[in-house]
Each structure stands twice: as structure tokens, then as C-alpha cells.
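Step one of this worksheet: look at the structure below.
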Amino acid sequence: LTWLPQTYNSTTREYPLIIFLHGSGEAGTGLANLSRVNNTGLPNRIANGFNAVAVNPRTGVQDSFIVVSPQAPTWSYNYTELKHILPAILNKYRVDRRRIYLTGLSAGGGGTFSTFGSRDSLFIKNFAAMATASSAGTNASNGYTAVEVEQ
């Protein structure tokens, strides 16, 4: 599920990217199940009219974001899949590679932690920041303890 800024097709500029990983209740396959991704989190807000726009507090400049919410067939995605998903997104859309953000909730939060706990420093450097909500499965992530992942 992808949301593009209103100006995307009328410009050639690059946009910041938010990748949102859903919870296990939003998992599914095919177009018939894609609407599940809109049940919670950022995709739900966008489906209900929220425009993914933010103002940079340092510069005062308003910017729009590309938002990609890949739907996993079960549970949610994690580092193992994201290392293949991110290059596909970067090949398809004009993304400002300095401003790629990863977020998720519940199972998707666990997937976010698994990415930053992956010890794959080259891949992790693709992301400017991460944030999670109600993360599942953070007790240990790729050899890190929950405390080490959160630091």
C-alpha cells in the first residue's frame, strides 16, 4: 500500500520516505486483504484523509512524505524481508535517501527492532530514524537484548 504526495507526479524532486510495518492483525495476501493494512496506524490516518505532511522544526519548511506500508502474508515483515523491500522501493520511487524513516506497531514494531538490531550496519545506515508503538518480540533481537536494541 503506497501513498504518494499530491505533488509527486508534477515534480521531479525527491521525497522523504516512511516505511510503516503493520501488526499481525493486518497480515494478508492479495488485493482482497490489502484493506486490512488501513485498519491501524499511519495507513489508517491517511485512509481517513490525513495528508502525510510535516514541518521541520529547525527550518520551518513543510514537506510531504512517500508512505509505503508493505503487507506481509503472516505476522509482519522484519529485517530479513526489509533488506529486499527497501531496494525495490528506492528503484521505483524518487526517495530522498537521507530521509528514510522506519516505523511499525506491534508485530511491525518487532520488525523495526529486528532491523536496527540486525548488526547490519551498512543497511541500518539507510535510515534516518525509527519509531515503534507497542512493539512485539523485543526481548531479544538478533543477539541483542531488549535494552541494547532500545539504546
Side-chain angles (χ1 to χ4, degrees), residues 1-73 75-118 120-138 141 149-151:
L1 187 64
T2 301
W3 185 86
L4 297 174
Q6 294 173 349
T7 58
Y8 185 85
N9 290 323
S10 62
T11 68
T12 58
R13 66 178 289 256
E14 295 176 334
Y15 290 86
L17 168 67
I18 299 171
I19 299 174
F20 173 81
L21 301 179
H22 62 73
S24 64
E26 290 73 51
T29 58
L31 290 176
N33 293 316
L34 191 57
S35 64
R36 291 180 186 173
V37 177
N38 284 338
N39 287 341
T40 59
L42 188 55
N44 176 263
R45 295 206 49 214
I46 291 171
N48 287 300
F50 173 75
N51 191 2
V53 174
V55 175
N56 183 322
R58 287 189 176 171
T59 65
V61 174
Q62 179 175 308
D63 209 351
S64 298
F65 294 77
I66 296 170
V67 180
V68 176
S69 305
Q71 186 179 37
W75 194 246
S76 191
Y77 286 124
N78 61 34
Y79 162 72
T80 304
E81 293 89 12
L82 277 175
K83 66 182 178 182
H84 302 288
I85 292 170
L86 180 60
I89 294 168
L90 296 177
N91 285 330
K92 185 168 185 171
Y93 300 106
R94 294 186 317 273
V95 172
D96 179 344
R97 292 175 184 240
R98 297 166 300 143
R99 297 188 295 161
I100 300 173
Y101 307 95
L102 180 61
T103 186
L105 70 95
S106 191
T112 301
F113 274 126
S114 79
T115 300
F116 283 86
S118 69
D120 183 345
S121 60
L122 206 57
F123 184 70
I124 293 167
K125 288 179 183 180
N126 285 297
F127 299 95
M130 73 160 217
T132 66
S134 302
S135 298
T138 60
S141 183
V149 170
E150 289 173 5
Q151 292 173 349

Practice task
Go through Y15 and T7 one step at a time and tell me if the side-chain hydrogen bond (donor to acceptor under 3.5 Å, both in side chains) criterion holds.
Solution key: CA-CA 10 Å; Y15 290 86; T7 58; 2.6 Å; yes
Handout entry: Heavy-atom neighbours of Q6 CD exceed 12 at 6.0 Å
Key = no
Exercise for the section: Working to the nearest 0.5 Å, report the span between CD of Q71 and CG of L34. Expected result: 5.5 Å
Problem - Inter-residue atom distance Y101.OH - I66.CD1, 0.5 Å rounding - result: 12.5 Å
Fill in the blank from the handout: The complete set of salt bridge (charged side-chain N to carboxylate O under 4.0 Å, His left out) pairs with one or both residues in residues 83-96, sequence neighbours excluded, reads D96-R98, D96-R99
Problem - Distance, nearest 0.5 Å, that separates CG of L17 from CG of L86 - result: 7.0 Å
Completion exercise
Heavy-atom closest pair (T132 atom, G109 atom, distance to 0.1 Å) is CG2-O, 3.7 Å
Exercise for the section: With sequence neighbours excluded, give me every salt bridge (charged side-chain N to carboxylate O under 4.0 Å, His left out) pair touching residues 28-42. Expected result: none
Anything under 3.5 Å between a donor and an acceptor, one on a side chain of residues 22-31, the other on a protein residue two or more places apart or in another chain? List them.
unit_1: H22; atom_1: NE2; unit_2: A72; atom_2: N; d: 2.9
unit_1: E26; atom_1: OE1; unit_2: G23; atom_2: N; d: 3.1

Handout entry: H84 to T80 - nearest heavy-atom pair and separation
Key = CD2-O, 3.3 Å
Handout entry: Spacing of OH belonging to Y77 relative to OG belonging to S114, to within rounding of 0.5 Å
Key = 13.0 Å
Exercise for the section: Examine distances only and state if a side-chain atom of N91 and a backbone atom of A88 form a donor-acceptor pair shorter than 3.5 Å. Expected result: no
Exercise for the section: Search all heavy atoms of S76 against all heavy atoms of L21 and return the closest pair with its distance. Expected result: OG-CB, 3.9 Å
Practice task
Check each of T115, T112, D120 against Y79 using the side-chain hydrogen bond (donor to acceptor under 3.5 Å, both in side chains) test, and report the only one that passes.
Solution key: D120
Exercise for the section: Look up atom CD1 in I89 and atom CD1 in I19, then write down how far apart they are to the nearest 0.5 Å. Expected result: 4.0 Å
Completion exercise
When rounded to the nearest 0.5 Å, the distance separating CG of L82 from CZ of F116 is 9.5 Å
Handout entry: T103 versus A131, closest heavy-atom pair with distance
Key = OG1-O, 2.8 Å
Handout entry: Worked verdict on R13 versus D63 for side chain to side chain contact (heavy atoms under 4.5 Å, CB included)
Key = CA-CA 11 Å; R13 66 178 289 256; D63 209 351; 3.0 Å; yes
